[in-house]
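Hydrogens, waters and symmetry mates play no part in the numbers below; they use all other heavy atoms, side chains included. Proteins get letters first, then strands, A, B, ... in listed order; numbering begins at 1 in each.
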Number of protein chains: 2
Amino acid sequence: MNKVEKKVLDCINIDEMIGYICELISIPSMTGDEKEAQDNVAAKLESIGMKVDRWSLDLDELSKHPDYSIEVDRKEGYGVVGVTGKDEGKSLILNGHIDVVAAGEESNWDYPPWQGVVKDGKVMGRGSVDMKGGLACAIYAVKAIRDAGVKLKGRVIIESVVGEEDGGIGALACVLRGYKADGAIIMEPTELKVAPAQAGALCFRITVHGLSAHACVREEGVSALEKFIPIHSALMELENRRNKRVDDPLYANFKLPIPLNMGKVQTGNWPSTVPETLLAEGRYGIEVDEDIESAQKEFTDALDAVVQADPWLREHPPKMEWWGGQFKPASIPVSDPIVETVVSAYRDTTGSSPVLEGVTYGSDMRHLVNVGDTPTVLFGPGDVRDSHKPNEAVLIEDLGTTVRTLALSILRFCGH
Amino acid sequence: MNKVEKKVLDCINIDEMIGYICELISIPSMTGDEKEAQDNVAAKLESIGMKVDRWSLDLDELSKHPDYSIEVDRKEGYGVVGVTGKDEGKSLILNGHIDVVAAGEESNWDYPPWQGVVKDGKVMGRGSVDMKGGLACAIYAVKAIRDAGVKLKGRVIIESVVGEEDGGIGALACVLRGYKADGAIIMEPTELKVAPAQAGALCFRITVHGLSAHACVREEGVSALEKFIPIHSALMELENRRNKRVDDPLYANFKLPIPLNMGKVQTGNWPSTVPETLLAEGRYGIEVDEDIESAQKEFTDALDAVVQADPWLREHPPKMEWWGGQFKPASIPVSDPIVETVVSAYRDTTGSSPVLEGVTYGSDMRHLVNVGDTPTVLFGPGDVRDSHKPNEAVLIEDLGTTVRTLALSILRFCGH
């Protein structure tokens with residue numbers, strides 16, 4: 001680490017950053033409703049000397065893009081991008097999503113979800129892990145560089161994006177607005193691992209048709225639930241079969257690198273009526289290098305085998321939709337300069353080498369890599385297991401490691 | 001058939017009765033919301049010279065009764081009873097429920113559900129079968145006796161009751177208000193069979209607990225759906241076992257005399273989250289002469305066997321509730337005078353003997369027989385298969401047979 005780097009690290013103000021994370025948590029920016037939080041980030045980026053581009057997303061236009069996918073009923077959305085530096089070195093995007101999932105039953109939380117509580121070496125609250133913590137680290141890394149008086153050769157671009165949780169409309173909008181770079185880091189919770197690969201995840205919806213009847217003559221009806229059960233079994237077998245053949249070393253530590261999750265099932269509306277329609281929604285994990293259409297065909301083939309084996313289903317085939325979030329996989333070579341930069345920065349920050357590993361979840365990486373041609377890694381504080389759950393919390397120590405690693409990565413990738 | 005009987009039958013005005021059924025259908029008296037329809041029936045009963053008792057149900061008081069069961073969130077309820085005749089002969093109750101189930105998707109109906117359409121020899125609309133048609137038959141049978149100038153020796157009591165669909169609060173209230181008799185007919189849709197027995201039906205709710213996790217690490221969670229599937233299998237086996245041993249001749253023609261129906265299942269709320277809680281609601285058929293507690297134990301034993309075989313379920317046992325409609329079974333001897341009366345009336349009306357058969361559904365019969373000590377049969381127009389469905393419709397011919405059979409039954413049972 002050179003003098004400039006040391007000076008920058010000294011300028012990082014962890015306490016102030018924690019205060020800002022709590023400020024962001026206190027704005028409940030659930031997917032589709034991110035305006036107030038985006039305005040806050042825009043002001044913050046301006047306050048650290050970045051040139052801010054804030055725009056209203058053209059939802060109609062975006063919906064025409066083949067990589068558009070969405071679940072919520074979105075009325076509006078805003079892009080917020082801060083830029084600093086010059087055109088004399090390599091450019092780097094730091095991307096974080098501002099949208100969070102709902103808090104669920106607040107009684108399941110030990111702390112208020114929409115407040116930001118600092119306790120036991122952690123910051124707690126909805127979004128602390130996924131991923132206002134990581135976004136704040138990017139902002140405070142850039143701020144430290146500015147506070148240290150260092151001038152960057154290349155451009156640093158901070159993207160605060162909406163709609164990651166339901167398909168990545170915000171990241172897609174940034175790419176389509178022209179934000180591409182020589183490298184990118186997305187501060188998703190990787191437990192400080194460096195992830196040059198993300199599996200895909202395609203959401204699906206299956207509607208199974210039965211035949212209603214009064215329970216007192218239930219044998220004259222056809223229960224959509226009973227017809228669904230062999231479909232569920234077949235899909236669980238499909239998951240098992242697919243996961244057994246994954247041999248990517250970046251996924252060697254995962255028991256299920258590409259899980260198939262049946263997340264929601266609803267059928268029937270009265271105890272005394274045979275359930276006529278069953279709705280099942282889930283997500284289907286996709287290998288990093290897998291062809292999407294082949295993977296989809298493998299799924300629909302498994303479904304079709306059940307349908308063909310059952311006379312009722314054959315006559316009344318279930319409706320199958322690829323619906324909602326369609327997260328294609330993405331990856332870059334582990335030899336890419338952005339990987340090497342983050343690895344070296346992490347090593348110099350912590351004294352040890354980071355784990356290089358893929359993630360099993362979808363993220364905005366696919367838009368940056370596949371649409372924007374920007375080599376991207378995921379690297380950030382916190383554990384994805386703690387996201388989407390009550391008592392979401394991130395370790396302050398990991399926030400510190402992240403902001404320092406990001407500051408060094410910027411200095412080294414963009415030059416100064 | 002004697003002269004008086006013939007004169008009474010001649011006084012039955014089928015066309016006017018059909019008009020009145022349509023009038024009742026046009027008042028959407030869904031369970032819990034029957035006030036307008038009850039006011040209409042009260043006025044109708046007065047118009048045919050009956051003394052009308054109309055009262056507001058004391059819901060708090062009723063809720064203390066061991067046979068109270070309810071599903072909807074009821075704010076109010078009204079009892080409507082019409083009485084005529086004297087104390088010089090046997091008394092007869094004619095009971096019909098005014099509440100109906102929801103219409104569901106109106107687009108699935110070929111005719112408006114809340115209108116009453118007369119076409120192709122049928123009356124169509126929600127409640128035509130279950131059971132405004134039958135209730136109107138009782139009213140027009142009494143009206144014909146009055147129009148014929150016949151004086152009855154015994155009392156005839158017409159009960160228009162609320163809340164049959166969710167547990168029979170209205171029939172229970174009538175019994176507790178003192179309405180008992182030497183016999184009763186409930187005009188439920190029996191396809192004109194005479195039913196001296198009704199199976200029981202106990203609604204249940206099972207809550208299965210899992211463990212939430214992000215789909216990307218789904219193997220770290222426990223899917224409540226996966227834990228439910230063996231429970232469902234065990235209950236289907238239980239249904240099979242129980243039905244095989246039914247040997248009641250009144251149920252010889254039923255493939256499933258005591259069906260177990262899983263009517264509603266809901267789990268999860270997001271495709272990418274392992275579903276944490278599953279709610280299953282259904283109804284459990286009970287044999288006519290079965291001990292309720294033993295039947296409940298057989299159910300919970302089957303559930304418990306699955307729980308004990310699964311380490312997760314053993315540690316996190318599902319919550320089991322007998323919830324909502326608790327329809328105990330009921331029966332009377334086939335030799336009871338009310339059975340003989342209806343059989344003879346039907347024979348003289350149609351020229352052929354009626355089928356004597358139990359029904360597999362629960363009804364208000366249990367309150368009249370078990371709480372009110374009133375020997376009761378079910379006899380009415382229409383097929384229960386057409387109830388609770390779109391395009392509910394009853395044959396006008398069957399309405400005619402019913403009103404004539406009821407008129408003769410009243411004359412013969414009460415005397416004149």
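Your options are Gly325(A), Ser272(A), Ser387(A), and the one with the most heavy-atom pairs under 4.5 Å with chain B is Ser272(A). Options Ile258(B), Val265(B), Thr360(B) differ in how many heavy-atom pairs under 4.5 Å they form with chain A, and the most are formed by Val265(B). Ranked by heavy-atom pairs under 4.5 Å with chain B, the first of Pro275(A), Gly282(A), Pro271(A) is Pro271(A). Your options are Glu239(A), Lys389(A), Met236(A), and the one with the most heavy-atom pairs under 4.5 Å with chain B is Glu239(A).
Counting heavy atoms from C-beta on, the side chains of Pro189(B) and Tyr361(B) come closer than 4.5 Å. Within the 4.5 Å cutoff, the side chain of Glu188(B) has heavy atoms near those of the Glu164(B) side chain. For the pair Phe204(A)/Met262(A), a side-chain contact is recorded, criterion being any heavy-atom separation below 4.5 Å from C-beta on.
For Phe327(A), there are no ring pair (Phe, Tyr, Trp, His ring centres under 6.0 Å) partners at least two apart in sequence or on another chain.
Judged by distance alone, the side chain of Asn261(A) and the main-chain N or O of Thr273(B) form a donor-acceptor pair under 3.5 Å. With hydrogens and angles disregarded, no donor-acceptor distance shorter than 3.5 Å links the side chain of Glu357(B) to the backbone of Leu250(B).
Contact of Ser233(B) with chain A is not made at all, since no heavy-atom distance falls under 4.5 Å. In this structure, chain A has a heavy atom under 4.5 Å from the side chain of Glu71(B), while its backbone stays farther away. There is no contact between Ala213(B) and chain A, counting heavy-atom distances below 4.5 Å. For Gln198(B), no part lies near chain A; criterion is any non-hydrogen pair under 4.5 Å. Of the two parts of Leu260(B), only the backbone, made up of N, CA, C and O, holds a non-hydrogen atom closer than 4.5 Å to a non-hydrogen atom of chain A. Heavy atoms of Ile229(B) lying under 4.5 Å from chain A belong exclusively to its side chain.
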- Stepwise side chain to side chain contact (heavy atoms under 4.5 Å, CB included) check, Thr267(B) with Lys264(A): CA-CA 5 Å; Thr267(B) 189; Lys264(A) 181 175 172 178; over 6 Å; no
- Task: Apply side chain to side chain contact (heavy atoms under 4.5 Å, CB included) to the pair Val355(A) and Val194(A), showing each step before the final yes or no.
- Result: CA-CA 6 Å; Val355(A) 176; Val194(A) 178; over 6 Å; no
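Side-chain atoms of Asp364(A) and His97(A) include no donor-acceptor pair closer than 3.5 Å.
Below 4.5 Å, heavy atoms of chain B meet heavy atoms from Cys216(A), Val217(A), Arg218(A), Glu219(A), Glu220(A), Leu225(A), Glu226(A), Phe228(A), all part of residues 216-228 of chain A.
With ring centers used as reference points, His316(A) lies 6.0 Å or more from His209(A).
The shortest non-hydrogen separation linking Pro381(A) to Leu192(A) is CA-CD2, 4.0 Å.
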